[in-house]
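Inspection log for the structure reproduced underneath, given as C-alpha cells.
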Amino acid sequence: QVQLVESGGGLVQAGASLRLSCAASGRTFSSLTIAWFRQAPGKEREFVVAISRSGDYTHNPEVMNGRFTITRDNAKNTVNLQMNSLKPEDTAVYYCAARRECGRRSAPTDYDYWGQGTQVTVSS
C-alpha cells in the first residue's frame, strides 16, 4: 500500500506561482511513476504531468507545457509541482497519483494510488 499526502495549495492571484508537494510512504518510492491530476468543480479529472521512476523524463499535455514543472527527490520520497503564471482556469483540486508500472499514462484509471488532494484557487 502507498500513502500520498499533498500540500502547498492555497489562494493566489493570477500570474503568481505556487509549488505543490507530494510526500509518499509505504512502498519503495523509486519504483513508482508519479503524476499530478486536477479536478475543477463540475469537470472530469484532468491529467497535468507525470514523471518517471528515475526522474529522467516527464510528460504532459501540450496545453500545460512551459508553466508546470514536475520534479522528484527519491531520497526524500517527495514529488514537487512548480506552477508558474497561474490563471483563474487553473483553479482546481490537485491530486498526486502513483502507479506501480512504468510507461507514459495519462488516464486516472492508469493510477493505483491517490492522495486526498489540495485546493488551488487563482483569483483574477
Side-chain angles (χ1 to χ4, degrees):
Q1 194 59 270
V2 174
Q3 293 78 43
L4 302 171
V5 179
E6 303 95 335
S7 61
L11 171 63
V12 298
Q13 290 189 332
S17 297
L18 205 58
R19 188 186 191 192
L20 306 182
S21 294
C22 174
S25 62
R27 183 184 174 102
T28 303
F29 184 68
S30 59
S31 70
L32 300 169
T33 300
I34 305 294
W36 285 94
F37 287 78
R38 68 185 184 184
Q39 189 165 19
K43 295 188 177 182
E44 294 186 351
R45 194 162 294 190
E46 177 184 29
F47 173 73
V48 175
V49 65
I51 190 166
S52 63
R53 295 167 170 176
S54 63
D56 286 347
Y57 71 84
T58 65
H59 74 105
N60 54 269
E62 192 169 327
V63 66
M64 306 286 184
N65 204 24
R67 296 195 301 122
F68 293 79
T69 303
I70 187 171
T71 57
R72 70 187 294 163
D73 186 337
N74 285 345
K76 296 182 178 179
N77 289 4
T78 58
V79 170
N80 293 316
L81 178 65
Q82 179 68 40
M83 305 185 294
N84 298 327
S85 302
L86 284 164
K87 306 174 182 180
E89 51 264 42
D90 293 320
T91 295
V93 177
Y94 283 71
Y95 296 92
C96 178
R99 56 182 266 115
R100 297 184 294 269
E101 302 298 324
C102 59
R104 301 189 178 200
R105 297 289 186 270
S106 58
T109 52
D110 292 323
Y111 288 80
D112 306 301
Y113 309 103
W114 292 84
Q116 81 289 349
T118 185
Q119 177 71 47
V120 172
T121 303
V122 184
S123 63
S124 57

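In this chain, numbering begins with 1 at the start of the sequence shown. Basis for what follows: all heavy atoms, side chains included, without hydrogens, waters or symmetry-related copies. Note that the structure is predicted; figures quoted are calculated from it, not measured.
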(request) Please name the pair of heavy atoms, one in Ile70 and one in Thr58, separated by the smallest distance, quoted to 0.1 Å. (result) CG2-CG2, 3.5 Å
(request) Scan for salt bridge (Lys or Arg N to Asp or Glu O under 4.0 Å) pairs involving residues 91-107, sequence neighbours excluded, and state none if there are none. (result) Arg100-Asp112
(message) Tell me which one of Thr78, Val79, Val2 satisfies side chain to side chain contact (heavy atoms under 4.5 Å, CB included) with Phe29.
(response) Val79
(message) Could you check whether any side-chain N or O of Asn74 sits under 3.5 Å from a backbone N or O of Arg53, counting only pairs where one atom can act as donor and the other as acceptor?
(response) yes
(message) Just to verify, which of Val120, Thr118, Val93, Asp90 counts as forming a side chain to side chain contact (heavy atoms under 4.5 Å, CB included) with Arg38?
(response) Asp90
(message) Can you classify the ring geometry of Tyr95 versus Trp114 as parallel (below 30°), tilted (30 to 60°) or perpendicular (above 60°)?
(response) perpendicular
(message) Using side chain to side chain donor-acceptor pair (under 3.5 Å), reason through Asn84 and Gln82 one step at a time and then give a plain yes or no.
(response) CA-CA 7 Å; Asn84 298 327; Gln82 179 68 40; 2.9 Å; yes
(request) Report the distance from atom SG of Cys96 to atom CD of Gln3, rounding to the nearest 0.5 Å. (result) 12.0 Å
(message) Quick check: closest heavy atoms across Ser106 and Asp110, and the distance to 0.1 Å?
(response) N-OD2, 3.7 Å
(request) Identify the heavy atoms of Ala50 and Tyr111 that sit nearest to each other, and give their distance. (result) CB-OH, 3.8 Å
(request) With rounding to the nearest 0.5 Å, note down the distance linking CD1 in Ile51 to CG in Asn60. (result) 11.0 Å
(message) For Leu32 versus Ala98, what's the shortest heavy-atom pair and its separation?
(response) CD1-CB, 4.2 Å
(request) Check whether any side-chain N or O of Arg72 sits under 3.5 Å from a backbone N or O of Ser52 as a donor-acceptor pair, and report yes or no. (result) yes
(request) Quick one: pull up OG in Ser124 and NZ in Lys87 and give me the separation to the nearest 0.5 Å. (result) 14.0 Å
(message) Minimum heavy-atom separation for Tyr94 and Leu20, please, with both atom names.
(response) CB-CD1, 3.5 Å
(request) Identify the heavy atoms of Ser21 and Asn80 that sit nearest to each other, and give their distance. (result) OG-OD1, 2.7 Å
(message) Within the structure provided, determine whether Gln119 and Thr91 are in side-chain contact (heavy-atom separation under 4.5 Å).
(response) yes
(message) Applying salt bridge (Lys or Arg N to Asp or Glu O under 4.0 Å) as the test, list every pair that has at least one member in residues 6-25; sequence neighbours left out.
(response) none
(request) Enter the distance from Ile34:CD1 to Thr71:OG1 here, rounded to the nearest 0.5 Å. (result) 12.0 Å
(message) Would you say that more than 12 heavy atoms from the other residues, nucleotides or ligands in this model lie under 6.0 Å from the CD of Glu44, or not?
(response) no
(message) To the nearest 0.5 Å, what is the distance between OG on Ser30 and CG on Asp73?
(response) 11.5 Å
